[in-house]
Student: 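This is the structure, below, for whatever I ask next.
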Protein chains: 2
Amino acid sequence: MKKKTTIYDIAAKLGLTAATVSRALNNNVKISLNTRKLVLETALEMNYEQNKLALALKSGKSYNVGVIVPRIDSNFFSSVIRGIEEELYPKGYHVIICQTHNQENLEIEKINSLLNVQVDGILMSISNANLENDKGFNKLIRNKRTPLIFFDRKKNIKGVSSVTVDDFKGGYEATKHLIEQGCRRIAHLSNDRKFEIFNNRFLGYKKALSDNGIEFDESLVIETQSNVLDGRRAARLLLDMETPPDAIFSSSDFAALGAIQEIKESGFNIPEDMCVVGFSNEPFTRFMELTTITTVDQFPLDMGRKAAQVFLEEVGNTEDTKTTQNIVLTPELIVRRSSSKKWKD
Amino acid sequence: MKKKTTIYDIAAKLGLTAATVSRALNNNVKISLNTRKLVLETALEMNYEQNKLALALKSGKSYNVGVIVPRIDSNFFSSVIRGIEEELYPKGYHVIICQTHNQENLEIEKINSLLNVQVDGILMSISNANLENDKGFNKLIRNKRTPLIFFDRKKNIKGVSSVTVDDFKGGYEATKHLIEQGCRRIAHLSNDRKFEIFNNRFLGYKKALSDNGIEFDESLVIETQSNVLDGRRAARLLLDMETPPDAIFSSSDFAALGAIQEIKESGFNIPEDMCVVGFSNEPFTRFMELTTITTVDQFPLDMGRKAAQVFLEEVGNTEDTKTTQNIVLTPELIVRRSSSKKWKD
DNA sequence: CATTAGGTTGTAATCGATTGCAATTTAGGC
DNA sequence: GCCTAAATTGCAATCGATTACAACCTAATG
């Protein structure tokens with residue numbers, strides 16, 4: 001187990017100083033061509049590799065960024081991360097992953113943990129709906145020296161940039177589409193509306209209704225977790241109503257899938273008896289056999305890339321007059337069979 | 001933009017030395033109770049946080065591990081990563097993600113890049129089937145000071161531990177199951193057999209055939225990429241044969257899905273006319289409406305956890321007599337409708 | 001009262017690389 | 001042959017924390 005070679009080893013071997021070796025390796029300074037060549041050759045031959053830790057300590061830049069997500073094993077988040085990684089790696093950055101599992105207390109812990117390892121920035125999707133009230137978080141914001149960027153699940157906090165999708169538009173388009181299909185009694189599977197994303201989808205839904213002269217009915221809105229089982233539960237509730245709805249706009253693909261299962265098993269047809277629209281364009285929505293699911297694509301890869309770009313701008317921006325950016329991507333409704341009464345292949 | 005407080009700041013404020021402060025913060029050494037208390041209080045009040053970079057440089061441990069995968073936005077790999085992260089975070093480690101996109105040249109680049117940032121270990125799933133012939137990789141192995149652990153796609157390399165699933169058994173069980181369903185002419189959608197995982201699935205398939213007195217037919221084995229389109233293409237080839245098979249064992253869920261689509265669209269029924277088994281237990285295999293897909297679960301979460309555990313053992317093992325571990329998880333056949341002729345809900 | 005042991009704290013080197021400033025060498029001009 | 005300026009290279013501090021060793025102080029003991 002040999003030790004790694006350092007610039008001191010090279011210097012010793014050549015009867016030079018570490019300073020000279022360092023300069024020779026970094027090309028820029030005035031070093032004679034001879035020594036430069038000599039150093040470069042020796043470095044190669046001794047398998048020298050720069051220790052980025054030492055560099056990071058000296059320069060104050062670790063070239064690491066932290067990414068915090070509720071979980072990584074969902075297509076949406078792993079796609080965002082993929083986008084971030086692809087954008088940042090060519091610039092010399094590495095991506096450190098943290099999961100919160102939606103546990104609010106873990107979120108601050110992970111932020112602090114990332115700051116401790118001196119990340120140059122943090123990109124995160126919020127798990128804690130009350131994040132802005134957290135003491136630790138506020139401290140972080142106030143002594144802001146590390147760029148923080150929200151994606152998807154954000155909070156409106158002064159000085160914090162964000163990259164999101166236009167959830168209002170997504171909700172609006174989805175609902176409008178259902179109305180165009182002839183649906184008049186449209187239910188909505190919402191989620192914790194303390195999160196902007198869910199609230200905005202809800203608001204888009206509501207606006208589309210009113211724009212089309214349909215009265216909003218509170219009883220048709222059900223708060224649902226983003227999973228199959230909760231989607232079933234919600235659908236059951238709706239089907240058991242005196243006047244069941246003729247369509248469901250779900251803020252989650254997983255809940256939409258659960259709803260579809262429950263509806264079908266209750267003997268109803270989709271889309272004839274009930275149209276369904278999901279949200280996120282999860283891979284399985286395309287893979288359904290009979291009832292491919294209409295959904296809203298959020299372009300997570302682009303979201304990751306954009307978030308990374310915002311980070312790069314902020315980290316390159318040394319002035320204190322940092323401009324906060326709130327980038328909003330445009331979602332796209334993808335119409336499939338679950339909501340399309342005149343669907344044909 | 002305040003600077004971070006260091007132990008020197010604390011020392012200065014208290015008229016002490018950084019050494020004393022350091023010791024006080026690290027509890028263990030002989031420091032008078034008074035100073036210890038004083039230091040702790042001042043540290044809290046000044047918002048002191050240990051700079052892990054400095055610590056890493058001093059101790060030679062970065063508490064970062066690198067994970068290299070072909071891509072992160074697939075359920076299998078993101079689940080493995082989830083397992084790794086969950087296992088290592090409580091031990092103080094952070095996980096750095098790298099993707100290779102199956103580009104062979106990128107693999108070595110990423111390894112070197114991770115070594116440069118002084119990761120304490122690398123966990124990887126191989127993209128390059130010829131990795132062991134690569135010069136850079138060999139160098140890495142020879143001056144081994146950073147634990148390297150393979151998961152899923154491994155190579156048999158002396159001194160390198162691995163965590164894999166028993167692909168042979170997976171292939172064997174899948175094929176045996178098809179035989180038990182009455183199938184006699186079983187095709188296999190293979191993949192690049194330079195990778196152990198695909199070769200072992202193939203060998204398991206072959207063994208199950210011979211154990212049951214079925215002759216192996218080379219023409220029923222088709223090399224297929226792990227995606228839907230290629231699965232369709234392969235199924236087309238099989239359907240166009242003079243004597244088409246009565247079952248398909250695919251080494252990929254995605255290819256299995258493509259095959260199912262092609263088969264159904266050609267007017268055949270599954271499982272009556274053709275049984276299909278996939279591999280990986282991707283989420284969508286469970287979500288299919290008519291034909292949920294029989295598949296083999298590889299327990300990626302466990303794989304990640306185990307790989308992380310092996311890393312922890314190796315990194316804690318200072319002796320040079322490091323024992324190489326080759327952990328093999330047992331896969332589980334999950335029978336669903338696509339292969340089960342007497343299926344009932 | 002002097003010696004000594006034990007308890008505390010300081011000194012300085014270390015990890016590996018960078019960089020302002022000083023020192024040295026070299027070349028060129030007269 | 002001498003002086004000056006330019007070209008190279010060395011010196012030493014720095015980033016923040018740890019730690020072996022030395023130094024100091026205090027109090028107890030003979």
Side-chain angles (χ1 to χ4, degrees), chain A residues 1-40 42-43 46-64 92 115-120 145-146, chain B residues 1-40 42-43 46-64 92 115-120 145-146:
Chain A
M1 170 128 148
K2 287 169 278 185
K3 259 182 49 196
K4 279 208 155 188
T5 59
T6 71
I7 52 173
Y8 292 91
D9 301 328
I10 300 179
K13 180 156 189 175
L14 295 177
L16 291 173
T17 314
T20 309
V21 174
S22 170
R23 282 189 272 250
L25 290 172
N26 292 312
N27 279 342
N28 9 11
V29 210
K30 304 282 185 168
I31 288 287
S32 78
L33 252 141
N34 276 339
T35 27
R36 185 198 309 285
K37 221 183 96 193
L38 209 60
V39 168
L40 256 46
T42 316
M46 296 177 79
N47 283 324
Y48 170 75
E49 273 171 6
Q50 191 191 43
N51 183 330
K52 303 266 168 153
L53 272 185
L55 183 57
L57 178 58
K58 184 73 172 80
S59 68
K61 285 203 60 172
S62 68
Y63 277 94
N64 283 148
L115 290 175
N116 260 4
V117 300
Q118 310 295 116
V119 290
D120 294 343
R145 74 178 73 81
T146 309
Chain B
M1 170 128 148
K2 287 168 279 186
K3 260 182 48 197
K4 279 207 154 190
T5 60
T6 71
I7 52 173
Y8 291 91
D9 301 328
I10 300 178
K13 181 156 188 174
L14 295 177
L16 291 173
T17 314
T20 309
V21 174
S22 170
R23 282 190 273 250
L25 291 171
N26 292 312
N27 279 341
N28 6 13
V29 210
K30 304 281 183 169
I31 288 286
S32 79
L33 252 142
N34 277 338
T35 26
R36 184 198 309 285
K37 221 184 96 194
L38 210 58
V39 168
L40 256 47
T42 316
M46 296 178 78
N47 283 323
Y48 170 73
E49 273 171 5
Q50 192 191 42
N51 183 329
K52 302 265 162 135
L53 273 185
L55 184 57
L57 177 60
K58 183 73 171 84
S59 68
K61 285 203 62 173
S62 69
Y63 277 95
N64 283 148
L115 290 176
N116 260 4
V117 300
Q118 310 295 116
V119 290
D120 294 343
R145 74 179 72 82
T146 309

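Side chains included, hydrogens not; waters and symmetry mates left out as well; all remaining heavy atoms used. Computed from a prediction, not measured in an experiment: that's the story for all the values here. Chain letters run A, B, ... following the sequence lines, proteins first, then strands; residues in each count from 1.
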Student: Go through the steps for B:T6 and B:N51 under the test side chain to side chain contact (heavy atoms under 4.5 Å, CB included), then give the verdict.
Tutor: CA-CA 8 Å; B:T6 71; B:N51 183 329; over 6 Å; no
Student: Considering heavy-atom distances to DNA chain C, does B:G15 or B:S59 have its closest nucleotide positioned more toward the 5' end?
Tutor: B:G15
Student: Report yes if at least one side-chain N or O of B:S32 is closer than 4.0 Å to OP1 or OP2 of C:dT8; otherwise report no.
Tutor: no
Student: Within the structure, does a side-chain N or O atom of B:T35 lie under 4.0 Å from either OP1 or OP2 of C:dT9?
Tutor: yes
Student: Which whole-number value in Å describes the distance from B:L38 CG to C:dT9 C1'?
Tutor: 14 Å
Student: Considering only side-chain heavy atoms of B:I31, which listed nucleotide, C:dT9, C:dA17, D:dG10, is closest?
Tutor: C:dT9
Student: Send over the distance from A:L57 CG to D:dA17 P, rounded to a whole Å.
Tutor: 9 Å
Student: Which is more 5' along DNA chain D, the nucleotide nearest A:V21 or the one nearest A:Y8? Just name the residue.
Tutor: A:V21
Student: Report the C-alpha distance between A:K52 and A:K61 in whole Å, list the side-chain angles of each, state the deciding distance to 0.1 Å, and finish with yes or no for side chain to side chain contact (heavy atoms under 4.5 Å, CB included).
Tutor: CA-CA 10 Å; A:K52 303 266 168 153; A:K61 285 203 60 172; over 6 Å; no
Student: Using OP1 and OP2 only, check whether a side-chain N or O of A:Y48 sits under 4.0 Å from C:dA17.
Tutor: yes
Student: Run the numbers on A:V117 and A:N64 for side chain to side chain contact (heavy atoms under 4.5 Å, CB included), then give the verdict.
Tutor: CA-CA 9 Å; A:V117 300; A:N64 283 148; over 6 Å; no
Student: If the cut-off is 4.0 Å, is B:T17 near the phosphate of C:dG10, judged by side-chain N/O to OP1 or OP2?
Tutor: yes
Student: Measure the distance from CG on B:L25 to C1' on D:dA17 and round it to the nearest whole Å.
Tutor: 10 Å
Student: Could you check whether A:L53 gets within reach of a base, just the sugar-phosphate, or nothing at all, counting any heavy atom under 4.0 Å?
Tutor: nothing
Student: Could you point out which residue of B:V21, B:T20, B:L16 forms a side chain to side chain contact (heavy atoms under 4.5 Å, CB included) with B:I10?
Tutor: B:V21
Student: Would you mind reading off the distance between B:L16 atom CG and C:dT11 atom C1', rounded to a whole angstrom?
Tutor: 14 Å
Student: Can you check the B:D9 CG to D:dG16 C1' distance for me, whole Å?
Tutor: 10 Å
Student: Please check if the side chain of B:S59 supplies one atom and the backbone of B:L55 the other of a donor-acceptor pair under 3.5 Å.
Tutor: yes
Student: Can you see if the side chain of B:S22 gets near the phosphate of D:dT18 - specifically, an N or O under 4.0 Å from OP1 or OP2?
Tutor: yes
Student: Could a donor-acceptor pair under 3.5 angstrom be found where the side chain of A:R23 meets the base of C:dG20?
Tutor: yes
Student: What integer distance in Å separates A:E49:CD from C:dG16:P?
Tutor: 14 Å
Student: Assuming nearest nucleotide by heavy-atom distance, tell me which of A:A18 and B:A19 is located more 5' along DNA chain C.
Tutor: B:A19
Student: According to a strict under-4.0 Å criterion, is A:Q50 in side-chain N/O contact with OP1 or OP2 of C:dT18?
Tutor: yes
Student: Assess whether side chain to side chain contact (heavy atoms under 4.5 Å, CB included) is satisfied between B:T146 and B:D120, documenting all intermediate values.
Tutor: CA-CA 6 Å; B:T146 309; B:D120 294 343; 5.9 Å; no
Student: How is A:L55 classified with respect to the nucleic acid when contacts are heavy atoms under 4.0 Å: base, sugar-phosphate, or nothing?
Tutor: sugar-phosphate
Student: Whole angstroms only, please: what is the CD1-P distance between A:I7 and C:dT18?
Tutor: 6 Å
Student: Could you tell me the separation between the CG atom of B:N34 and the C1' atom of C:dG7, rounded to a whole number of Å?
Tutor: 13 Å
Student: Side chain of B:K58: nearest nucleotide among D:dT14, C:dC15, C:dA12?
Tutor: C:dC15
